[in-house]
Amino acid sequence: MSSSALTREQSSKAFDGHQYVYNHESSTVGCKMKFGVYVPAKAEKERVPLLIFLSGLTCTEQNFITKSGVQRLASEYGFIVANPDTSPRGCKIEGDSDKWDFGEGAGYYIDATESKWSKNYQMFSYINEEFYELIVKNFNVNPNQIGIFGHSMGGHGALISFFKRPGQYKSVSAFAPICNASKSDWGINAYTKFFGQDKNLWKQYDATELVASYHGPKPHAPVLIDQGSDDNFKDKQLFPERFIDACKTASFPIELREQAGYDHSYYFIMTFLEDHFKYHKKEFEH
């Protein structure tokens, strides 16, 4: 996979490091893609761990870096934190920007098979091949200490990446992930367009289905999932209990923490973000 040159769009000193935004021409999704990356001062002297954060529906590369307060933690823990966009942009495919929960800003981290979408909507391959390699090649990353996490659609993206690429990520965690995408209204609508009616394809991008057939390395501590009790999407779109049941059946270690009173927003993410840094740090130390 050839990766084109990076163009820096933004550079802001934050704590002891810098928050950057870059763009590059992606050969995987066939358009210019932006991403954020925080680089702590420690990375100037040595290879450091990498966390990849995948954002949720409607987000660009900006939401996480402006709303979560991640820079303080990335500086303190000495992690590079990279966050891609959530979909291709500017492809001008009919229907790609009609609804907030499909198309631009809503790529679901899948590789589409239907011809209308398959040229550009290859976000699974983009995240786990082109983007992954771009970050490892251009920044001072310890390749043995790479974790992935995300929120909502991005939590789904992180979980399916971990399950579909055994051993590529040392650790995974999630905030309010879409756990059973092929059975949620968001997923059914998107997957019908991306994959047509082949439900077996849908299941290949569904964490609840994938954990049953996962035979890769297991984390040392149970995978950390945080879910707000007052999240309006919990029982209609996210279905954490179904995922927990599937994990139990598969003997896959998981810890679902229901956080009383929290909703689906970045206020929830910023509250528990450090716990996720702590979780990944522990996994990296094994």
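Everything quoted here is computed from the prediction, not taken from an experiment. These numbers come from the heavy atoms of this one structure, side chains and all, not from hydrogens, waters or symmetry mates. Throughout, numbering of the chain's residues begins at 1 and tracks the sequence.
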Residues that Ser118 engages under side-chain contact (heavy atoms from CB on, under 4.5 Å), provided they are two or more places apart: Gln122

Counterpart residues, side-chain contact (heavy atoms from CB on, under 4.5 Å), relative to Phe239 (two or more places apart): Asn180, Ser184, Arg242

With a 3.5 Å cut-off and sequence neighbours excluded, list the donor-acceptor pairs that the side chains of residues 146-154 form with protein atoms.
{"unit_1": "His151", "atom_1": "NE2", "unit_2": "His264", "atom_2": "O", "d": "2.9"}
{"unit_1": "Ser152", "atom_1": "OG", "unit_2": "His264", "atom_2": "NE2", "d": "2.8"}

Do any pairs count as a salt bridge (Lys or Arg N to Asp or Glu O under 4.0 Å) and have a residue in residues 246-271, sequence neighbours left out, and if so which ones? Asp226-Arg257, Lys234-Glu258, Arg257-Asp275

Please name all residues satisfying side-chain hydrogen bond (donor to acceptor under 3.5 Å, both in side chains) with Asp85, sequence neighbours left out, ordered by chain then number. Arg89

Partner residues of Glu76 under the side-chain hydrogen bond (donor to acceptor under 3.5 Å, both in side chains) criterion, sequence neighbours left out: Arg72

Holding to ring-ring contact (aromatic ring centres under 6.0 Å, His included), I want the full list of residues that pass it with Tyr279, two or more places apart in sequence or in another chain. none

Any salt bridge (Lys or Arg N to Asp or Glu O under 4.0 Å) involving residues 195-204? Give me the pairs, sequence neighbours left out, ordered by first then second residue. none

Output every pair passing salt bridge (Lys or Arg N to Asp or Glu O under 4.0 Å) with a member in residues 102-121, not counting sequence neighbours, ordered by first then second residue. Glu94-Lys116

Sequence-distant partners of Asn120, side-chain hydrogen bond (donor to acceptor under 3.5 Å, both in side chains), two or more places apart: none

Is the ring centre of Phe15 less than 6.0 Å from the ring centre of Tyr38? no

Filter on salt bridge (Lys or Arg N to Asp or Glu O under 4.0 Å), then keep only pairs touching residues 143-169, sequence neighbours left out; what's left? Glu129-Arg165

Quiz: residues 46-62 side-chain donor-acceptor pairs under 3.5 angstrom, not counting sequence neighbours:
{"unit_1": "Thr60", "atom_1": "OG1", "unit_2": "Gln62", "atom_2": "N", "d": "3.0"}
{"unit_1": "Gln62", "atom_1": "NE2", "unit_2": "Gln10", "atom_2": "OE1", "d": "3.3"}

